[in-house]
Amino acid sequence: MTYAIIRTGGKQFRVRPGQTLRMPTLLGEAGAQVTFNEVLLGSDGSNVRTGVPMLDGAKVTGEIVRHGLGEKIVVFKFKRRKNYARKQGHRQGFTEVRINDINLG
């Protein structure tokens, strides 16, 4: 089973070909190709290669499926006996990406 660990948007993701996952917002329209060059670890099923800190020449390509907003969270600040309460909502943006190919170089 081929897989790789990539870094994008300050987070790390374990990806495999054909997988669709949500990651922090990326630039590009739906249907555009995207390439991830920060590959930290890669496996072709029999050997595992690790980078120090990245694998040289390795890249993961994918396709942007859609952009969207995640679930709403409520940010509530409160200080007792001070007549202070603030309520605010937030929805974090995401990009859904389908992984097409993993090239370990």
Side-chain angles (χ1 to χ4, degrees):
M1 179 172 101
T2 303
Y3 69 91
I5 296 178
I6 62 171
R7 181 169 64 195
T8 180
K11 299 181 180 191
Q12 296 178 5
F13 298 93
R14 183 180 191 265
V15 298
R16 53 185 163 69
Q19 179 183 15
T20 302
L21 65 148
R22 289 182 175 185
M23 51 185 58
T25 304
L26 300 172
L27 295 177
E29 296 296 322
Q33 296 294 319
V34 63
T35 302
F36 303 102
N37 294 323
E38 293 188 2
V39 180
L40 305 173
L41 181 139
S43 171
D44 59 5
S46 56
N47 344 350
V48 176
R49 295 179 50 208
T50 59
V52 187
M54 306 312 165
L55 283 174
D56 292 329
K59 66 180 180 177
V60 174
T61 58
E63 177 184 353
I64 296 177
V65 177
R66 70 183 182 104
H67 297 285
L69 294 174
E71 295 296 316
K72 185 173 205 174
I73 65 165
V74 176
V75 180
F76 187 71
K77 298 179 180 182
F78 177 79
K79 294 186 180 178
R80 64 185 189 154
R81 297 188 303 268
K82 304 296 182 193
N83 195 24
Y84 176 84
R86 301 290 180 266
K87 184 177 179 182
Q88 180 179 3
H90 177 75
R91 294 179 70 188
Q92 185 70 35
F94 68 85
T95 299
E96 202 165 282
V97 176
R98 181 181 304 108
I99 303 300
N100 293 333
D101 184 41
I102 297 175
N103 182 2
L104 299 178

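Values below: all heavy atoms of this structure, side chains included; hydrogens, waters and symmetry mates excluded.
Contact record, Ile102 with Ile99: CG1-CG2, 4.4 Å, taken as the closest heavy-atom pair. Across Pro53 and Leu40, no two heavy atoms sit closer than the pair O-CD2, 3.4 Å. The heavy-atom pair separating Gln33 from Asn100 by the smallest distance is OE1-ND2, 3.6 Å. When all heavy atoms of Pro24 and Gly9 are compared, the pair lying nearest together is CG-O, 3.9 Å. The two residues Val60 and Val15 come nearest to each other via the heavy atoms CG1-CG2, 4.2 Å.
Take Gln92 and apply the side chain to side chain donor-acceptor pair (under 3.5 Å) test, not counting sequence neighbours, and it matches His90. Here Thr35 pairs with nothing under the side chain to side chain donor-acceptor pair (under 3.5 Å) rule; sequence neighbours left out. By the side chain to side chain donor-acceptor pair (under 3.5 Å) test, Arg91 pairs with no residue at all, sequence neighbours left out. For Arg49, there are no salt bridge (charged side-chain N to carboxylate O under 4.0 Å, His left out) partners two or more places apart in sequence or in a different chain.
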Atom pairs and distances, side-chain donor-acceptor, residues 61-84, under 3.5 Å, sequence neighbours left out:
{"residue": "His67", "atom": "ND1", "partner": "Thr95", "partner atom": "OG1", "Å": "3.0"}
{"residue": "His67", "atom": "NE2", "partner": "Gly28", "partner atom": "O", "Å": "2.6"}

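Hydrophobic clustering of Ile, Leu, Val, Met, Phe, Trp and Tyr side chains at less than 4.5 Å, counting indirect connections, unites Ile5 with Val48. Both Val39 and Leu21 are members of a single hydrophobic cluster when ILVMFWY side chains are connected at heavy-atom separations under 4.5 Å. Clustering ILVMFWY residues whenever any of their side-chain heavy atoms sit less than 4.5 angstrom apart, transitively, puts Phe94 in a cluster other than the one holding Val34.
Note: Ser43 OG to Leu41 CG = 7.5 Å, rounded to the nearest 0.5 Å. Rounded to the nearest 0.5 Å, atoms CE (Met23) and NZ (Lys11) are 10.5 Å apart. If you take CG on Asn37 and NZ on Lys59, they are separated by 7.5 Å, rounding to the nearest 0.5 Å.
Evaluation of the salt bridge (charged side-chain N to carboxylate O under 4.0 Å, His left out) test over residues 19-38, restricted to residues two or more places apart or in two chains, returns Arg7-Glu38, Arg22-Glu96.
A 4.5 Å side-chain heavy-atom check between Phe13 and Gln19 finds every atom pair outside the cut-off. Residues Leu26 and Phe36 have side chains in contact (heavy-atom distance under 4.5 Å, counting atoms from C-beta outward).
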